[in-house]
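In what follows, chains are A, B, ... by sequence order, proteins preceding strands, each numbered from 1. Since the model is a prediction, treat every value here as computed from it, not as a measurement.
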Amino acid sequence: MPEMPEVETVRRGLNEIADGQQIIGIDVNYGKTIENDVEGFREALVGQTIEHVDRRGKYLLFRFSNHLTMISHLRMEGSYFKQKTGMPVDKHTHVIFHFKNGTDLCYRDTRKFGRMRLVTTGEEMNYGGLRTIGPEPTEQDFKLDYFERILHKSRGKIKPFLLNQSHVAGLGNIYCDEVLWMSKINPEQAANTLTHEQAKTLRENIIKEIATATEHKGTTVHTYKNAFGDAGGFQDYLKAYDHGGEKCPRCGTKMVKIKVAQRGTTYCPHCQELIEK
DNA sequence: GCCAATGTTGACGC
DNA sequence: AGCGTCAACATTGG
């Protein structure tokens with residue numbers, strides 16, 4: 001369940017249950033989840049205490065007492081949950097952190113795409129997508145002049161542009177369709193043809209949408225229950241995503257679902273008419 | 001059986 | 001170099 005509002009919701013949940021907890025053992029049931037050598041990972045963390053969990057874009061950053069940081073990315077279906085030590089886990093639970101207080105922090109991921117990597121704190125920005133990650137989608141970090149500058153350099157369509165985390169962090173397929181619908185911009189419009197007004201509107205909608213979805217603890221679709229973040233309620237407010245074939249809430253035209261950059265994409269052909277240039 | 005699913009990345013081409 | 005495209009990763013559900 002992983003766009004930024006969902007990851008932020010998970011982060012808040014983790015801070016309630018994992019902050020200050022000492023790890024006394026780790027079970028790894030699927031080795032590929034851990035990008036480090038699994039034995040080294042275990043040895044480095046057993047005995048350590050989780051001080052806090054931070055977030056950058058869709059990446060969770062577990063801060064440990066001994067100057068270590070665990071980068072955790074949930075990808076498509078990763079989730080965390082807590083239970084009492086000794087309770088059984090199913091076959092999709094790949095990593096279990098045993099806490100000294102008699103609880104387990106479990107990582108579950110049906111598609112096995114999620115990854116964890118242990119690095120020295122301060123070095124995390126040198127790994128994976130964090131190397132090139134763009135600004136957080138906030139008023140302070142995501143400036144209009146920056147957005148317009150990179151839009152004009154682009155050679156592609158606006159939707160894949162927004163999905164690229166090096167342009168702006170945090171948007172995924174759901175919120176991308178939503179902000180384009182809100183902004184009345186066709187997902188296939190060339191990014192470098194957006195007008196000043198369109199760029200301004202789109203930026204404001206991105207900031208607003210991510211904040212509002214986070215307030216609602218994110219969106220839950222096609223996923224399971226009982227995991228952090230899955231208490232999300234924002235699915236009730238989605239206008240475009242998952243509404244293909246239904247009437248546009250703004251104009252009543254039938255919404256269309258197409259494929260853009262290999263991702264399902266829903267939009268209103270009337271409100272979001274494609275402007276060629 | 002076929003396709004699609006809240007994501008990222010490495011390989012390849014221009 | 002940098003950007004865009006697309007297959008691959010693995011599993012489940014319609």
Which nucleotide, [options], lies nearest any side-chain atom of [X]?
X	options	result
A:Gln262	C:dC3, C:dA7, B:dG7	C:dA7
A:Arg155	B:dA5, B:dT8, C:dG4	C:dG4
A:Ser154	C:dG4, C:dA10, B:dG7	C:dG4

Does [X] put a side-chain nitrogen or oxygen below 4.0 Å from OP1 or OP2 of [N]?
X	N	value
A:Lys112	C:dC9	no
A:His92	C:dA10	no
A:Arg263	B:dG7	yes
A:His73	B:dT8	yes

Donor-acceptor contact below 3.5 Å, side chain A:Asp145 vs main chain A:Glu148: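 No, A:Asp145 side chain to A:Glu148 backbone: no donor-acceptor pair under 3.5 Å.
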Who is the Watson-Crick or G-U wobble partner of B:dA11, with both distances under 3.5 Å?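 Checking every strand shown, B:dA11 finds its partner in C:dT5, with both distances under 3.5 Å.
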Would you indicate what [X] reaches in the nucleic acid, counting non-hydrogen atoms under 4.0 angstrom: base, sugar-phosphate, or nothing?
X	value
A:Gly114	nothing
A:Phe161	nothing
A:Tyr59	sugar-phosphate
A:Lys91	sugar-phosphate

Whole angstrom is fine here: how far is it from [atom1] in [X] over to [atom2] in [N]?
X	N	atom1	atom2	result
A:Lys159	B:dG7	NZ	C1'	12 Å
A:Ile71	B:dG7	CD1	P	19 Å
A:Lys32	C:dA10	NZ	C1'	9 Å
A:Asp109	B:dT8	CG	P	13 Å
A:Arg75	C:dA8	CZ	P	16 Å
A:Met76	B:dT9	CE	P	14 Å
A:Arg115	B:dT8	CZ	P	13 Å
A:Arg131	B:dT8	CZ	P	14 Å

Write down the distance separating the P atoms in B:dT8 and C:dT12, rounded off to the nearest Å.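 My reading of the P atoms in B:dT8 and C:dT12 gives 22 Å.
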State, without any angle test, whether A:Asn186 and A:Gln189 hold a side-chain donor-acceptor pair at a distance under 3.5 Å.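 The criterion, which ignores hydrogens and geometry beyond distance, is not satisfied for A:Gln189 and A:Asn186.
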Between the side chains of A:Tyr80 and A:Ser72, does any donor sit under 3.5 Å from an acceptor?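 Short answer, yes.
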Between A:Arg111 and A:Gln165, which is nearer to the 5' end of DNA chain B once each is assigned its nearest nucleotide?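 In this pair, the answer is A:Arg111.
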Mapping A:Tyr175 and A:Gly129 onto DNA chain B by nearest heavy atom, which one lands closer to the 5' end?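 Looking at the nearest nucleotide for each, A:Tyr175 comes out on the 5' side.
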Parallel, tilted or perpendicular: which describes the rings of A:Phe97 and A:Phe62, with under 30° parallel and over 60° perpendicular?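 Rings of A:Phe97 and A:Phe62: parallel, under 30°.
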Students often mix this up, so state it plainly: with edges at 30° and 60°, are the rings of A:Phe142 and A:Tyr146 parallel, tilted or perpendicular?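 Ring orientation of A:Phe142 relative to A:Tyr146: perpendicular.
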A:Phe113 ring over C:dA10 six-membered base ring, under 5.5 Å and 30°: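 So A:Phe113 does not count as stacking on the base.
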Would A:Thr85 and A:Asp104 satisfy side chain to side chain donor-acceptor pair (under 3.5 Å), going step by step from the backbone distance to the final call? CA-CA 5 Å; A:Thr85 298; A:Asp104 290 343; 2.9 Å; yes
